[in-house]
*Asks:* 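Below you'll find the structure I mean.
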Amino acid sequence: MRGQDPDPDGVVRVRAANPSPLTLDGSNTYVVGRWVVDPGPADPAHIEAVLRTASEGIEGIVLTHGHPDHAEAAEPLAERAGGPPVVLPGDGDEVGPFRALATPGHSPDHVCLLMGRICFCGDTVLGEGSVFISPGEGSMSAYLASLRRLRELDLEVLCPGHGPYVREPRAKLDEYIAHRLDRERRLVAALDAGLRTEDELLDSAWSDAPAALRPAAALSMQAHLEKLAEEGRLPEDVELGQLG
């Protein structure tokens, strides 16, 4: 139990000491019986904490995606635990108590892990704030489709890769979808008004972004521009990656 943010039944969260503007208060690792979800960064203290929590041993290690802040500790943890398998499952795969649901967008290999009505959602949904979508590796159109796919499920709680548990999944997913569509609307309005430089577009469509997150906002904007280009909605005088 974490004060006002208690663990769901059968789940224990172990938070890594890697806080940042993008990882919030650190990466969340989850111990579910003899299974570990997203072992986190290769920090010896974090690995020790996971091993202490999984006191009955580790049968398997499951990843939501391959980014280092979620997966870097997989191999050293497996070595310390006697060699259990490390799995990044595909859509529909069943691994231990989990069923994988493909949710690309943040990364092309991203999956959510379903255990009954509990969803380990990695970086598809955060406990606070919005998810970083990088152009090139990420895909805004795929991300929105993934959010809508999760929205169709009857879920009790989301266990995110960063931040607190999400107790009202449908409301959070509705909020996430509306937020992305509002960003898109504001970006399109800025383009329609003739704004063309990165700073102009950010000042118009991401005016609420804190200074520390402005570089991430600039990359998210590029992901939105890629989506508009895919849909044939990008003005002819705008070239991806060529904003001033």
Side-chain angles (χ1 to χ4, degrees), residues 1-2 5-116 118-128 131-132 134 137-138 157-166:
M1 180 174 291
R2 305 273 178 143
D5 192 25
D7 293 324
D9 288 344
V11 176
V12 181
R13 179 179 57 207
V14 184
R15 182 165 288 148
N18 62 334
S20 76
L22 293 181
T23 60
L24 305 181
D25 46 6
S27 296
N28 292 330
T29 294
Y30 297 100
V31 177
V32 183
R34 291 169 53 85
W35 291 81
V36 174
V37 175
D38 281 354
D43 170 33
H46 181 63
I47 291 172
E48 290 295 338
V50 173
L51 287 166
R52 285 196 304 271
T53 303
S55 58
E56 296 183 359
I58 297 175
E59 184 177 343
I61 298 169
V62 190
L63 307 177
T64 61
H65 62 300
H67 285 169
D69 59 322
H70 297 263
E72 189 179 51
E75 294 303 331
L77 177 63
E79 184 175 345
R80 290 287 308 280
V86 177
V87 183
L88 174 50
D91 189 42
D93 289 351
E94 295 189 2
V95 182
F98 312 108
R99 178 171 61 86
L101 183 79
T103 49
H106 176 71
S107 66
D109 62 352
H110 201 293
V111 297
C112 288
L113 301 169
L114 303 174
M115 186 178 72
I118 298 173
C119 176
F120 300 88
C121 57
D123 280 346
T124 299
V125 178
L126 304 185
E128 297 172 343
V131 169
F132 174 58
S134 174
E137 181 194 24
V157 61
L158 301 178
C159 303
H162 308 279
Y165 294 111
V166 177

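Hydrogens, waters and symmetry mates are skipped; everything else that's a heavy atom, side chains included, is used.
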*Asks:* Can you give me the closest heavy-atom contact between C159 and Y30, atom names plus distance?
*Replies:*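 The pair with the smallest heavy-atom distance is C-OH, 3.4 Å.
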*Asks:* Indicate the ring-plane relationship of H65 and H70, choosing parallel, tilted or perpendicular according to the 30° and 60° boundaries.
*Replies:*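 Ring orientation, 0 to 90° scale: tilted.
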*Asks:* With a 4.5 Å heavy-atom cut-off, do F120 and D38 have their side chains touching?
*Replies:*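 F120 vs D38: side chains apart.
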*Asks:* Looking at every heavy atom in both V166 and G127, which two are closest together, and how far apart are they?
*Replies:*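 Closest heavy-atom pair between V166 and G127: CG2-CA, 4.0 Å.
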*Asks:* Whether the side chain of D43 engages the backbone of A16 through a donor-acceptor N/O pair (distance < 3.5 Å, no angle test) should be reported.
*Replies:*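 Not a single qualifying donor-acceptor pair exists.
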*Asks:* Within this structure, what is the CD-CG distance for the pair E128 and L24, rounded to the nearest 0.5 Å?
*Replies:*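 Here the rounded value is 6.0 Å.
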*Asks:* Before you tell me yes or no, could you show the steps for H162 and D69 under side chain to side chain donor-acceptor pair (under 3.5 Å), namely the whole-Å CA-CA distance, both residues' side-chain angles and the distance that decides it to 0.1 Å?
*Replies:* CA-CA 10 Å; H162 308 279; D69 59 322; 3.2 Å; yes
*Asks:* How many angstroms lie between CZ in F98 and CE in M115, if you round to the nearest 0.5 Å?
*Replies:*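 The CE atom of M115 is 6.0 Å from CZ of F98, to the nearest 0.5 Å.
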*Asks:* What verdict does the side-chain contact (heavy atoms from CB on, under 4.5 Å) test give for V62 and V36, after you've listed the backbone C-alpha separation in whole Å, the side-chain angles of each residue and the deciding distance to 0.1 Å?
*Replies:* CA-CA 6 Å; V62 190; V36 174; over 6 Å; no
*Asks:* Locate the shortest heavy-atom distance separating T103 from C112; write the atom from each residue and the value.
*Replies:*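 Minimum heavy-atom separation between T103 and C112: OG1-N, 3.3 Å.
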*Asks:* Has R13 got a side-chain atom pairing as donor or acceptor with D7's backbone, closer than 3.5 angstrom?
*Replies:*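 No, the answer is negative, given that no donor and acceptor are paired below the 3.5 Å cut-off.
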*Asks:* Report the residues that fulfil salt bridge (charged side-chain N to carboxylate O under 4.0 Å, His left out) with E48, sequence neighbours left out, ordered by chain and then residue number.
*Replies:*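 For E48 the salt bridge (charged side-chain N to carboxylate O under 4.0 Å, His left out) partners, ignoring immediate neighbours, are R80.
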*Asks:* Would you say D91 and L101 make side-chain contact, with heavy atoms under 4.5 Å?
*Replies:*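 A side-chain contact under 4.5 Å exists here.
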*Asks:* Do other residues, nucleotides or ligands put more than 12 heavy atoms under 6.0 Å from the CZ atom of R99?
*Replies:*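 No.
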*Asks:* If you take all heavy atoms of P84 and I58, which pair is closest and at what distance?
*Replies:*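 Looking at all heavy atoms of both residues, the closest pair is CB-O, 3.5 Å.
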*Asks:* Look at the side chain of E72 and the backbone N and O of A42, then say whether any donor-acceptor pair between them is shorter than 3.5 Å.
*Replies:*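 Present.
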*Asks:* Starting at CZ of R15, measure out to CG of N28 and round the result to the nearest 0.5 Å.
*Replies:*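 One gets 4.5 Å once the value is rounded to the nearest 0.5 Å.
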*Asks:* Does the S27 side chain pair with the main chain of G40, one donor and one acceptor, at a distance under 3.5 Å?
*Replies:*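 Flag not set: sc S27 to bb G40 has no pair under 3.5 Å.
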*Asks:* Using the test salt bridge (charged side-chain N to carboxylate O under 4.0 Å, His left out), find all partners of D93 that sit at least two apart in sequence or belong to another chain.
*Replies:*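 Partners of D93 under the salt bridge (charged side-chain N to carboxylate O under 4.0 Å, His left out) test: none.
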*Asks:* Checking H67 against S107: is there a side-chain donor and acceptor pair closer than 3.5 Å?
*Replies:*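 No, no side-chain donor-acceptor pair sits under 3.5 Å.
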*Asks:* When rounded to the nearest 0.5 angstrom, what is the spacing between CG in D109 and CG in L63?
*Replies:*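 Output value for this atom pair is 9.0 Å.
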*Asks:* Indicate the atoms forming the closest heavy-atom contact of D25 with G163, along with that distance.
*Replies:*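 Taking D25 first and G163 second, the nearest heavy atoms are OD1-N, 3.8 Å.
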*Asks:* Return the minimal non-hydrogen interatomic distance between V14 and A49, and the atom names on each side.
*Replies:*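 For V14 and A49, the tightest heavy-atom pair comes out as CG1-CB, 3.8 Å.
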*Asks:* Measuring from atom OG1 of T64 to atom NE2 of H106, what distance do you get when rounded to the nearest 0.5 angstrom?
*Replies:*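 These two atoms lie 8.0 Å from each other.
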*Asks:* Hey, could you give me the CG/NE2 distance between L51 and H46, rounded to the nearest 0.5 Å?
*Replies:*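 It comes to 10.0 Å.
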*Asks:* H110 side chain to D123 main-chain N or O, any donor-acceptor pair under 3.5 Å?
*Replies:*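 Yes; judged by distance alone, with no hydrogens or angles, the pair exists.
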*Asks:* Test your reading of the model: is there a side-chain donor-acceptor pair from T23 to the backbone of N18, 3.5 Å cut-off?
*Replies:*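 Between the backbone of N18 and the side chain of T23 there is a qualifying donor-acceptor contact (under 3.5 Å).
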